[in-house]
Amino acid sequence: QVQLVESGGGLVQAGGSLRLSCAASGITFSLNDMHWYRQAPGNQRELVARFSRLGITNYADSVKGRFTISRDNAKNMLFLQMNSLKPEDTAVYYCNAHNRFSSVDYWGKGTLVTVSS
């Protein structure tokens, strides 16, 4: 059974930092492109950061220079270090695993990040 479990969300003041974690099980983690998405109330889910299985990272323009995605293939973990948080970063953050070979996507249930002004 595949599980992606996010943690690390919470309430933080603008300018603060949070570190999100995603623990994966039931998949061959190293074969998956891993992503962080977020969805704010009333908005569509958007891609925040990507860490491909080949080690390539990409970021949404809105978070470049503030967020850092990392992964630990030995521990099946994905991370998102979020610095200089802004109220507009408030959203539910989701971990996603995409297997390019099978084209299957797996999602976690999300963790809420709230940034107060």
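- Nearest heavy-atom pair, Ser70 versus Leu78, reported as atom, atom and distance to 0.1 Å: O-CD1, 3.3 Å.
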Distance-only donor-acceptor hits, side chain of residues 48-57, under 3.5 Å, sequence neighbours excluded:
{"residue": "Arg50", "atom": "NH1", "partner": "Asn58", "partner atom": "OD1", "Å": "2.6"}
{"residue": "Ser52", "atom": "OG", "partner": "Leu54", "partner atom": "N", "Å": "3.2"}
{"residue": "Ser52", "atom": "OG", "partner": "Gly55", "partner atom": "N", "Å": "3.3"}
{"residue": "Ser52", "atom": "OG", "partner": "Ile56", "partner atom": "N", "Å": "3.0"}

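- Both Val63 and Ile69 belong to a single network of hydrophobic side chains, linked directly or stepwise wherever heavy atoms of I, L, V, M, F, W or Y lie under 4.5 Å apart.
- Qualifying side chain to side chain donor-acceptor pair (under 3.5 Å) partners for Lys64, counting only residues two or more places apart in sequence or in other chains: Asp61.
- Sorted by first and then second residue, the ring-ring contact (aromatic ring centres under 6.0 Å, His included) pairs involving residues 67-102 (not counting sequence neighbours) form an empty list.
- The OH atom of Tyr59 sits 7.5 Å away from atom CG of Leu80, with the distance rounded to the nearest 0.5 Å.
- Listed by first then second residue, pairs satisfying disulfide bond (SG atoms under 2.5 Å apart) with a partner in residues 30-78 number zero, not counting sequence neighbours.
- Each side-chain hydrogen bond (donor to acceptor under 3.5 Å, both in side chains) pair with one or both residues in residues 107-117, not counting sequence neighbours, would appear here, but there are none.
- In this structure, Asn76 has no side chain to side chain donor-acceptor pair (under 3.5 Å) partners at least two apart in sequence or on a different chain.
- Here the straight-line distance linking atom CH2 of Trp36 with atom CG of Asn96 works out to 10.5 Å at 0.5 Å rounding.
- Side chains of Arg71 and Phe29 form a contact here, defined as non-hydrogen atoms less than 4.5 Å apart.
- Both Met34 and Val104 sit in one connected hydrophobic cluster of ILVMFWY residues. Membership requires side-chain heavy atoms under 4.5 Å apart, directly or through other members.
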All N/O donor-acceptor pairs, side-chain side in residues 7-21, below 3.5 Å, sequence neighbours left out:
{"residue": "Ser17", "atom": "OG", "partner": "Asn83", "partner atom": "OD1", "Å": "2.9"}

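- Ile27 places none of its side-chain heavy atoms less than 4.5 Å from the side chain of Asn99.
- Every pair passing disulfide bond (SG atoms under 2.5 Å apart) that includes a residue from residues 16-117 is listed here, sequence neighbours excluded: Cys22-Cys95.
- Residues satisfying the side chain to side chain donor-acceptor pair (under 3.5 Å) criterion with Thr68, sequence neighbours excluded, are absent altogether.
- A donor-acceptor pair is defined here as one N or O able to donate and one able to accept, closer than 3.5 Å; no such pair exists between the side chain of Gln39 and the backbone of Val92.
- With sequence neighbours excluded, the residues satisfying salt bridge (Lys or Arg N to Asp or Glu O under 4.0 Å) with Asp33 are Arg100.
- In this structure, Leu47 and His35 have side chains that are in contact, with non-hydrogen atoms separated by less than 4.5 Å.
- Taking the salt bridge (Lys or Arg N to Asp or Glu O under 4.0 Å) definition, one finds that Arg45 meets it with nothing, sequence neighbours left out.
- Judged as a salt bridge (Lys or Arg N to Asp or Glu O under 4.0 Å), the pairs with a partner in residues 34-44 (not counting sequence neighbours) are, in order, Arg38-Glu46, Arg38-Asp89.
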